[in-house]
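So the structure is just underneath, and the comments pick up after that.
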Amino acid sequence: MPAIYAHDRFGTDVREHMNETLNSLTNRFDQAYREGLQGPDIFFFITRGIITGYSAMVFISMRLMRLLFSAMH
């Protein structure tokens with residue numbers, strides 16, 4: 001698990017690429033933004049599906065990961 005510094009550094013780097021509106025919002029709510037960088041991703045831990053046993057975010061994450069890796073080939 002990455003350290004607090006790594007998450008904070010990532011969030012700082014992301015801010016440099018945000019549009020003006022998002023940058024303004026994250027500056028306005030800086031404490032919430034920085035706390036959110038530390039996780040956990042609450043949507044990843046949503047109650048598991050009845051049939052599959054996995055949350056919706058697990059499927060979304062896996063799909064995005066597959067798209068990323070397929071684009072790298």
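Bear in mind the structure is a predicted one, so any value in this text is a computation, not a measurement. All values below come from the heavy atoms of this structure, side chains included, with hydrogens, waters and symmetry mates left out.
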- Message: Test side chain to side chain contact (heavy atoms under 4.5 Å, CB included) on Leu22 and Arg15; report intermediate values, then the result.
- Response: CA-CA 8 Å; Leu22 288 176; Arg15 269 186 173 163; over 6 Å; no

- Message: Donor-acceptor check, side chain of Ser24 to backbone of Glu20, threshold 3.5 angstrom: yes or no?
- Response: no

- For Phe29, which residues count as a side chain to side chain contact (heavy atoms under 4.5 Å, CB included) partner, sequence neighbours excluded? Leu25, Ala32

- Is the backbone N or O of Met18 less than 3.5 Å from a side-chain atom of Asn23, with the two atoms forming a donor-acceptor pair by type? no

- Can any side-chain N or O of Tyr33 pair as donor or acceptor with the backbone N or O of Gly11 at less than 3.5 Å? yes

- Listed partners of Glu16 passing side-chain hydrogen bond (donor to acceptor under 3.5 Å, both in side chains), at least two apart: none

- Listed partners of Asp8 passing side chain to side chain contact (heavy atoms under 4.5 Å, CB included), at least two apart: Thr12, Arg34, Leu37, Gln38

